[in-house]
Amino acid sequence: MAGIEKEMKPDVGSRESMVAENHVWLMDVEFSNGEKITVSGNDISIIERFEAAGEELQKLADEMDKNDSDEKSFKEKVALRRGFSEKSAGIMDGVFGEGTTRKYFGDIYEAIPDFCPDLECFLDYWNSLIPVIERLSDHKVKLEKLASKQRMAKYQPQDHKKPVRRK
């Protein structure tokens, strides 16, 4: 019995380690000014957030158009547009991460620190990220098909994999 106890005791000072890989697919997106963000095709909510952002931006634009009447002063119109810009930046940052809007317009902010992007800027911004979302969506569909195929493989008959004996 003493021999078994000795074998089961770990060596003094021994240590073991393992690496558990997460297999999360990341995509770096570089803007024309060299700034980058990272997104993942494994993030199940990014596509929903992007679609919701498009709807929110449209609502904000419609609201701004509705409230932009000749009765408002120039100062009120500028304040309305500034509010749109600030809310839109928050919406887009909510999709791609805090600071993404500043990264996207980074070269502009360098030249004009108080830059306040207008509606057209945000439409370009949103439209420039559509191919990113499409790529993430394509990747997600491929992953789901592969996972489904792997799940179903265990339920498929395996007879066709047995070697055929010839006489």
Side-chain angles (χ1 to χ4, degrees), residues 17-156:
S17 66
M18 289 182 65
V19 174
E21 295 183 28
N22 63 26
H23 302 286
V24 172
W25 180 69
L26 298 175
M27 178 172 50
D28 291 327
V29 178
E30 185 173 346
F31 299 130
S32 60
N33 60 19
E35 292 280 355
K36 293 179 184 176
I37 60 170
T38 302
V39 293
S40 175
N42 298 96
D43 180 351
I44 59 173
S45 66
I46 194 166
I47 296 168
E48 287 177 330
R49 291 192 321 262
F50 186 73
E51 288 177 355
E55 291 171 11
E56 286 182 68
L57 290 172
Q58 184 63 51
K59 283 180 190 176
L60 283 175
D62 292 344
E63 186 179 306
M64 188 172 63
D65 285 344
K66 186 173 69 174
N67 290 325
D68 189 13
S69 67
D70 291 334
E71 299 158 8
K72 294 204 183 280
S73 70
F74 180 74
K75 188 176 180 178
E76 290 173 316
K77 289 180 181 186
V78 169
L80 186 65
R81 284 173 170 65
R82 178 173 289 284
F84 169 84
S85 184
E86 291 168 356
K87 288 176 186 174
S88 296
I91 290 168
M92 293 302 284
D93 284 1
V95 177
F96 296 102
E98 191 66 36
T100 300
T101 300
R102 287 203 76 76
K103 287 180 180 183
Y104 182 81
F105 295 111
D107 52 343
I108 309 298
Y109 283 117
E110 275 186 37
I112 308 168
D114 293 333
F115 178 65
C116 188
D118 65 6
L119 173 62
E120 288 77 24
C121 287
F122 276 101
L123 290 176
D124 288 344
Y125 178 20
W126 194 81
N127 285 329
S128 74
L129 291 167
I130 289 174
V132 172
I133 295 299
E134 287 173 343
R135 177 74 176 101
L136 293 176
S137 181
D138 290 346
H139 179 75
K140 191 70 180 152
V141 167
K142 287 177 188 173
L143 284 179
E144 288 171 358
K145 284 181 181 178
L146 179 62
S148 177
K149 188 176 181 179
Q150 289 172 342
R151 279 192 305 273
M152 293 306 293
K154 64 183 171 185
Y155 300 110
Q156 300 297 321

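All values derive from a computational prediction rather than experimental measurement.
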Undergrad: Can you name the closest pair of heavy atoms from L119 and A61 and give their distance?
TA: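 Closest pair (atom of L119, atom of A61, distance): CD1-CB, 3.7 Å.
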Undergrad: Parallel, tilted or perpendicular for F122 and Y125, by the 30°/60° rule?
TA: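 Tilted.
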Undergrad: To check you understand the geometry: which heavy-atom pair defines the closest contact between A53 and V95, and what is its length?
TA: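 Minimum heavy-atom separation between A53 and V95: CB-CG2, 3.5 Å.
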Undergrad: Could you tell me whether the side chain of N67 reaches within less than 4.5 Å of the side chain of K72, counting heavy atoms only?
TA: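 Side chain of K72 against side chain of N67, heavy atoms only: contact under 4.5 Å found.
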Undergrad: Roughly how far, to the nearest 0.5 Å, is CG of L123 from OG of S128?
TA: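 Between atom OG of S128 and atom CG of L123 there are 11.0 Å.
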Undergrad: How many angstroms lie between atom NZ of K87 and atom CD of E63, to the nearest 0.5 angstrom?
TA: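 Those atoms lie 5.5 Å apart.
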Undergrad: Any chance you could measure E56, atom CD, to W126, atom CH2, to the nearest 0.5 Å?
TA: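 Between E56 CD and W126 CH2, I get 12.0 Å after rounding to 0.5 Å.
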Undergrad: Quick one: does F84's side chain get under 4.5 Å of C116's, heavy atoms only?
TA: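 A side-chain contact is absent here, since even the closest heavy-atom pair is not under 4.5 Å.
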Undergrad: CG of D70: more than 12 outside heavy atoms within 6.0 angstrom?
TA: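 Count not over threshold, so no.
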Undergrad: Any pair with a residue in residues 106-128 that passes salt bridge (charged side-chain N to carboxylate O under 4.0 Å, His left out), sequence neighbours left out, goes on the list, sorted by first then second residue, please.
TA: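 Salt bridge (charged side-chain N to carboxylate O under 4.0 Å, His left out) check on residues 106-128 returns no pairs.
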Undergrad: Taking atom CZ of F105 and atom CD of E35, what is their separation to the nearest 0.5 Å?
TA: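 Spacing of CZ (F105) from CD (E35) equals 13.0 Å.
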Undergrad: How long is the gap from CD on E134 to CD1 on I47, to the nearest 0.5 Å?
TA: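 These two atoms lie 10.0 Å from each other.
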Undergrad: Is E30 atom CD crowded by more than 12 heavy atoms from other residues, nucleotides or ligands, each under 6.0 Å away?
TA: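 Buried by this count: over 12 neighbours within 6.0 Å.
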Undergrad: Quick one: are F50 and I130 in side-chain contact, heavy atoms under 4.5 Å?
TA: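 Touching, per the 4.5 Å side-chain cut-off.
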Undergrad: Let me see the working for N42 and H23 under side-chain contact (heavy atoms from CB on, under 4.5 Å), right down to the final yes or no.
TA: CA-CA 9 Å; N42 298 96; H23 302 286; over 6 Å; no
Undergrad: Kindly determine whether L136 and W25 satisfy side-chain contact (heavy atoms from CB on, under 4.5 Å), including the steps that lead there.
TA: CA-CA 10 Å; L136 293 176; W25 180 69; 3.5 Å; yes
Undergrad: Which heavy-atom pair separates A89 from T101 by the least distance, and what is that distance?
TA: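 Scanning both residues, the minimum pair turns out to be O-OG1, 3.4 Å.
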Undergrad: Heavy-atom distance under 4.5 Å between the side chains of Y104 and N33, does that happen here?
TA: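 In short, these two side chains do not touch, never coming nearer than 4.5 Å.
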Undergrad: Hey, what do you get for CG (L129) to CD1 (I37), rounding to the nearest 0.5 Å?
TA: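 The distance works out to 6.0 Å.
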Undergrad: Looking at I44, I'd like to know if its CD1 atom is crowded, meaning that more than 12 non-hydrogen atoms belonging to other residues, nucleotides or ligands lie closer than 6.0 Å.
TA: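 It does not: I44 CD1 has 12 such atoms or fewer within range.
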Undergrad: Evaluate L60 against I91 for side-chain contact (heavy atoms from CB on, under 4.5 Å), listing each step before the verdict.
TA: CA-CA 11 Å; L60 283 175; I91 290 168; 3.5 Å; yes
Undergrad: Is any side-chain heavy atom of M92 closer than 4.5 Å to one of L57?
TA: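 Yes - at least one pair of side-chain heavy atoms lies under 4.5 Å apart.
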